[in-house]
Amino acid sequence: MSDDQSRSVLDRVSQWLGRKKEQPEKNNQEERGTMPEKEKLKSEITPQAAAPKAPERKPPAAAAPDGGEARSEEQPAERSEAAKASRALSASARRRNQRARAKERAAREATAAQAADQGTAPDLETAPTEQPETATAAPSQPKAKARAKAKPKATAKAAAPKAATKAKPKAKPKSAAKPASEEEAPSPAKPGSGYKLLINTDEPEECRLALLENGKVEGFFIESVSRAQIKGNIYKGRITSVEANLQAAFVDIGLPKNGFLSFSEIHPEYYSQEVGPETHWKNLKIQDVVKKGQEVLVEVVKEATGNKGPSLTTYISLPGRCLVLMPGSDSSGISRKIDDEAQRRKLREMVEGLNIPEGIGYIIRTASQEITKTSLGQDLRYLLNLWEEIKKNGQTMAAPALIYKEQNIISRFLRDHYTTDIREILVDDEEAADQVRDFLQLLPAAQRKKTAVKLHQGSQPIFHQYHVEKQIEQMFQPTVALPSGGSIVINPTEALVAIDVNSGRTSSKDRDFEESIFIANMEAAEELARQLRMRDLGGLIVVDFIDMRSAAHTREVEKKVRECMKKDKAKVDFSKISKFGLMQISRQKMAAPLQTTSYKTCPHCEGRGMIRSVENMALSHLRQIQTGMSRRQAKKVLCRLPMEVAQYILNKKRGELLELEKEYGAEIAVEIDPAMMPADHKIDFIRE
């Protein structure tokens, strides 16, 4: 095909795409293999010059580590406008728009591939310039071919047969070859293929994250508007009372319930009198050093549960991606999960060379293992600037006030839980996908290339398409089935969490009894560790394993529990299995239990799980009527009762009512109130 015919084909493709023709000068430059001056200037910009300047209140995860390509400061205006328009639509409408955009991109890529099959090279200027949704993954094949065709003619002609072969329909994107209902179909994960993170945030009232391993939920995180997390928030509060018997103070931080501040969590700088540097707080009394009405800067370390308010501390800690800064402390440490002594020594030397101000402690996090000194320095500078801003607001704002608000759930997860084991992140909202990409762009290139970010394009909601909803519903059920037929029953109480292991149908004719019990206990050990992580159950946990006669089997079950609990971010301690088959586990409470976020106490049973029978309630009300008539000498008794109870009394206990009216000379009126709960009632005794 001649050059004139090639250009005519490209002109028709450009007109079909609605794009402008390329300028002749630029065509000539690309044909000669030279780079236009504008593109040459862009390529000469160094990553340091193109790196964005961190905003004042940017999340700690945004401290840009060294070694990675930084995003340009100028973000396209179309992204913000599209994000605003997307938020105004419903979830289904947003998914329809995303599928439509995916089809448009697939059509453009198919046209470019067809042009490559015909032996023509699409120009860079006329080719689609829209970046695919999977920006962090490898570029799509049609685009790679477009860049290859921009080389000199000799190279392009030599590679034309090979490129045409690769551009066959087999190499086209899946979105162009499958209908919308089959897009993003979940593929079975291979063993050891890493984790997959699903982010469901298409509805503004709720954001959910699910971490999958081979299709199985290993972690679940949820945050709703009505129950937003306050752990990690920093407040300026005022002490409302000092309790000498508790050696603690209650602090008003502007929430419905006052915070609880233990004496051990009060920094010496808040003492109203001078104490020696070697004086321990246990040798003092809180009423002597802390006064009512005193203002303090506190951080929430534990969410409010039940009737208890949030737990507070004056020892502030500011977490970043690589470091945790502790103002007012002179301690330093390294994460226990970094067990290589040479690596620990190297990290300690790197941090000591950063000139941390005096009176500020630090902890090196697990994510710092593959980070350079420059990255640690950038993270440190961000945290120091954040602390200066917090101190400034604390001095100027009136108590009670919120000084610093913790990041949203997506930023918190990426900052605290992201590892290179997460191979794929699927998001169903464009704004959240941009947030994930921005985080990954701040990581070193070696880490960033291991994770692909994709925008969910399927017709079904993301959690339904990957069969996550059923697993989430199972988290709220007390009974969890085991693979071999047994089960575990989880019952959280006020004092502890009780877990009972049942053998069920584990027993088989092919196995002896002891082996069946051992298999059930081993499966229960693995499943209970997973359930504790997902449900976020903490405190004292008592596990009732099935009794085993073999001491070796008992040690194997203990070992299995310890191995499975290593994935847990919370601090965990164990006891050995006692002669009664009980194992005690102490787990740190990371947040409020998952059940309290999505459920509320039943108004019928008031959390007991069962209600009294109609007969029992009816007899109880009759006894209450008789007692009140004998004591109060009432002329009339007015009873408002639920429907079933009132009907039972009027139909089955009419004779008893007539006897009471005759004996006490009073009238008894029973009214039916369908709106009443089964356990509610109202009985009034009228004397006049």
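Source: prediction; values computed, not measured.
- Not a single donor-acceptor pair under 3.5 Å links the side chain of Asn491 to the backbone N or O of Val497.
- Looking at Lys236, its side chain does come within 3.5 Å of a backbone N or O of Met397 through a donor-acceptor pair.
- Side chain of Lys569 to backbone of Asp416: a donor-acceptor contact under 3.5 angstrom is found.
- Formation of a donor-acceptor pair under 3.5 Å by the Gln247 side chain with backbone atoms of Ile286 is found in this model.
- At least one donor-acceptor pair closer than 3.5 Å links the side chain of Asp379 to the backbone N or O of Cys322.
- Among Val453, Val436, Ile462, Leu414, the one residue that satisfies the side-chain contact (heavy atoms from CB on, under 4.5 Å) test with Ile199 is Val436.
- Looking only at distances, a side-chain donor or acceptor of His267 sits under 3.5 Å from a matching main-chain atom of Gly328.
- Taken from CD1 in Ile371 to NZ in Lys373, the straight-line distance is 15.0 Å, to the nearest 0.5 Å.
- Under a 3.5 Å cut-off, the side chain of Glu303 and the backbone N or O of Gln229 do not form any donor-acceptor pair.
- For the pair Glu206 and Glu223, the minimum side-chain heavy-atom distance is 4.5 Å or more.
- Counting non-hydrogen atoms of neighbouring residues, nucleotides and ligands closer than 6.0 angstrom, the CG atom of Asp330 reaches no more than 12 such neighbours.
- Annotation for Ala525 and Phe545: closest pair N-CE2, 4.3 Å, computed over non-hydrogen atoms.
- The existence of a salt bridge linking Glu406 and Arg412 is excluded, since no basic side-chain nitrogen approaches an acidic carboxylate oxygen closer than 4.0 Å.
- Side-chain contact between His553 and Asn521 is absent, with no heavy-atom pair separated by less than 4.5 Å.
- The side-chain contact (heavy atoms from CB on, under 4.5 Å) test with Tyr235 is passed by exactly one of Val296, Ile230, Val251: Ile230.
- Checked for salt-bridge contact, Lys470 and Glu473 miss the test: no charged N lies under 4.0 Å from a carboxylate O.
- Looking at heavy atoms from C-beta onward, Ile472 lies in side-chain contact with Met475 at the 4.5 angstrom threshold.
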For the pair Glu388 and Lys391, evaluate salt bridge (charged side-chain N to carboxylate O under 4.0 Å, His left out) and give the outcome as yes or no after the intermediate values. CA-CA 5 Å; Glu388 291 297 327; Lys391 285 198 302 183; 3.5 Å; yes
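- In the displayed structure, Glu526 atom CD is contacted under 6.0 Å by at most 12 heavy atoms of other residues, nucleotides or ligands.
- With a 6.0 Å radius and a threshold of 12 heavy atoms from other residues, nucleotides or ligands, Glu269 has its CD atom above the threshold.
- Scanning for salt bridge (charged side-chain N to carboxylate O under 4.0 Å, His left out) contacts around Glu563 gives an empty result, with sequence neighbours left out.
- Ile490 has its side chain within reach of Gln531: a pair of non-hydrogen atoms, C-beta onward, lies under 4.5 Å apart.
- Under a 3.5 Å cut-off, the side chain of Glu299 and the backbone N or O of Ser317 do form a donor-acceptor pair.
- Residues Val543 and Ile488 form no side-chain contact, since every pair of their non-hydrogen atoms from C-beta on lies 4.5 Å or further apart.
- A salt bridge is defined here as a Lys NZ or Arg NE, NH1 or NH2 lying under 4.0 Å from an Asp or Glu carboxylate O, and Glu558 with Lys576 fails to meet this definition.
- Aromatic rings from Tyr418 and Phe439 are positioned such that their centres are separated by under 6.0 Å.
- At least one donor-acceptor pair closer than 3.5 Å links the side chain of Asn385 to the backbone N or O of Arg381.
- Counting heavy atoms from C-beta on, the side chains of Leu442 and Asp438 never come closer than 4.5 Å.
- Put simply, the side chain of Asp428 does not reach to within 4.5 Å of the side chain of Leu455, judged on heavy atoms.
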Show every donor-acceptor pair shorter than 3.5 Å between a side-chain atom in residues 343-362 and any protein atom, with sequence neighbours excluded, or say none if there are none.
unit_1: Gln343; atom_1: NE2; unit_2: Gln369; atom_2: O; d: 2.6
unit_1: Arg344; atom_1: NH1; unit_2: Ser335; atom_2: O; d: 3.0
unit_1: Arg344; atom_1: NH1; unit_2: Ile338; atom_2: O; d: 2.9

Show me the donor-acceptor pairs, under 3.5 Å and distance only, between side chains in residues 582-589 and residues at least two apart or in other chains.
unit_1: Arg587; atom_1: NE; unit_2: Asp568; atom_2: OD2; d: 2.7
unit_1: Arg587; atom_1: NH1; unit_2: Asp536; atom_2: OD1; d: 3.1
unit_1: Arg587; atom_1: NH1; unit_2: Leu537; atom_2: O; d: 2.9
unit_1: Arg587; atom_1: NH2; unit_2: Asp568; atom_2: OD1; d: 3.1
unit_1: Arg587; atom_1: NH2; unit_2: Asp568; atom_2: OD2; d: 3.3
unit_1: Gln588; atom_1: OE1; unit_2: Lys571; atom_2: N; d: 3.2

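- Within the 4.5 Å cutoff, the side chain of Leu426 has heavy atoms near those of the Tyr466 side chain.
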Evaluation steps, side chain to side chain contact (heavy atoms under 4.5 Å, CB included), between Leu198 and Leu209: CA-CA 6 Å; Leu198 307 182; Leu209 287 78; over 6 Å; no
With side chain to side chain contact (heavy atoms under 4.5 Å, CB included) as the criterion, how do Trp281 and Val289 come out once you've worked through the C-alpha distance, each side chain's angles and the decisive distance to 0.1 Å? CA-CA 10 Å; Trp281 66 270; Val289 295; over 6 Å; no
Report the C-alpha separation of Arg208 and Glu469 in whole Å, then their side-chain angles, then the decisive distance to 0.1 Å, and conclude whether the salt bridge (charged side-chain N to carboxylate O under 4.0 Å, His left out) test is met. CA-CA 11 Å; Arg208 303 184 298 172; Glu469 291 290 358; 2.7 Å; yes
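- Without hydrogens or angle criteria, Arg365 side chain to Leu323 main chain gives no donor-acceptor distance under 3.5 Å.
- Heavy atoms of other residues, nucleotides or ligands lying less than 6.0 angstrom from NZ of Lys257 number more than 12.
- To the nearest 0.5 Å, the span separating CG on Leu246 from CG on Leu261 amounts to 12.0 Å.
- No side-chain donor-acceptor contact under 3.5 Å links Thr314 and Glu265.
- Under a cut-off of 6.0 angstrom, the local environment of NZ in Lys337 is crowded, with over 12 non-hydrogen atoms contributed by other residues, nucleotides or ligands.
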Report the C-alpha distance between Ile234 and Val298 in whole Å, list the side-chain angles of each, state the deciding distance to 0.1 Å, and finish with yes or no for side chain to side chain contact (heavy atoms under 4.5 Å, CB included). CA-CA 6 Å; Ile234 299 176; Val298 293; over 6 Å; no
Carefully, step by step, assess Asp544 and Val501 under the rule side chain to side chain contact (heavy atoms under 4.5 Å, CB included). CA-CA 6 Å; Asp544 183 11; Val501 181; over 6 Å; no
